[in-house]
Amino acid sequence: MELTIEMRAKPGKFQELYQSLQALLPTIRKAKGSSDCRIWRDVEDGEIFFLSVQWQSRATLEHYVRSSSGAALLGALDLLSETAKVRFDHDSPWEGIDSLKRMRKKP
């Protein structure tokens with residue numbers, strides 16, 4: 001399953017968001033069930049980033065979201081992004097970031 005997060009940096013927070021995402025990449029890549037992780041920037045709107053992570057299953061994604069690295073990712077999004085939305089696989093609809101936050105609360 002592929003998780004894609006689209007995020008727009010808050011005004012003046014572009015560099016900080018970019019650095020935070022770069023710092024999180026190694027831990028996302030080492031996470032159990034993660035097979036590919038990439039960040040890219042929208043060429044038409046440079047304030048928008050995309051984070052794409054390929055997970056073995058929804059369970060491995062949920063495990064990551066509940067980890068300290070997952071908490072750091074969600075914290076960075078809360079602090080540094082003006083807007084953020086997620087998509088689970090290419091053909092699914094975009095959802096609010098709350099869908100990831102709800103995963104953190106599952107037992």
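This chain uses plain numbering: 1 for the first residue, then up along the sequence.
- Contact annotation: the side chain of L51 never approaches that of L3 to less than 4.5 Å [non-hydrogen atoms, C-beta and beyond].
- The NZ atom of K32 lies 13.0 Å from the OG atom of S34; values are rounded to the nearest 0.5 Å.
- Atom OG1 in T60 sits 8.5 Å away from atom CE in M1 (nearest 0.5 Å).
- Pairing each heavy atom of V86 with each of G96, the nearest pair is CG2-O, 3.7 Å.
- Among all heavy-atom pairs drawn from R29 and C37, the shortest one is NH2-O, 2.9 Å.
- From L17, atom CG reaches atom CG of L79 across 10.5 Å, with rounding to the nearest 0.5 Å.
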side-chain hydrogen bond (donor to acceptor under 3.5 Å, both in side chains) evaluation trace for Q56 with S35: CA-CA 7 Å; Q56 280 180 340; S35 61; over 6 Å; no
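- Look at D78 and K101 and you find a salt bridge, because one of the NZ, NE, NH1 or NH2 atoms lies within 4.0 Å of a carboxylate O, short of that distance.
- Here D36 pairs with R38 in a salt bridge; the nearest charged N to carboxylate O distance falls below 4.0 Å.
- Under the 30°/60° scheme for interplanar angles, the aromatic rings of W94 and F50 are found to be tilted.
- The side-chain heavy atoms of K85 and E95, taken from C-beta on, include no pair separated by under 4.5 Å.
- Legend: side-chain hydrogen bond (donor to acceptor under 3.5 Å, both in side chains) pairs involving residues 8-25, not counting sequence neighbours, sorted by first then second residue: R8-D45, K13-E16, Y18-Q22.
- Of the possible polar contacts, one joining the R41 side chain to the G46 backbone as a donor-acceptor pair under 3.5 Å is found.
- Rounding to the nearest 0.5 Å places OG of S81 at 7.0 Å from CD1 of I97.
- Taking the centre and axis of the six-membered ring of F88, the NZ or CZ atom of R58 falls inside the cone set by 45° and 6.0 Å.
- Side-chain atoms of S52 and E2 form a donor-acceptor pair, as typed in the model, at a separation below 3.5 Å.
- L21 and I48 fall into different hydrophobic clusters, where Ile, Leu, Val, Met, Phe, Trp and Tyr residues are linked whenever their side-chain heavy atoms come under 4.5 Å apart, directly or through other members.
- Atom CD of E47 sits about 9.0 Å away from atom CD of E82, to the nearest 0.5 Å.
- For W55 and Y64, the ring centers sit closer than 6.0 Å to each other.
- Contact detail for D89 and R87: the closest heavy-atom pair is O-CG, 3.1 Å.
- The closest side-chain heavy-atom distance from I5 to L73 is below 4.5 Å.
- Taking CG of L100 as the start and CG of L74 as the end, the distance is 5.5 Å to the nearest 0.5 Å.
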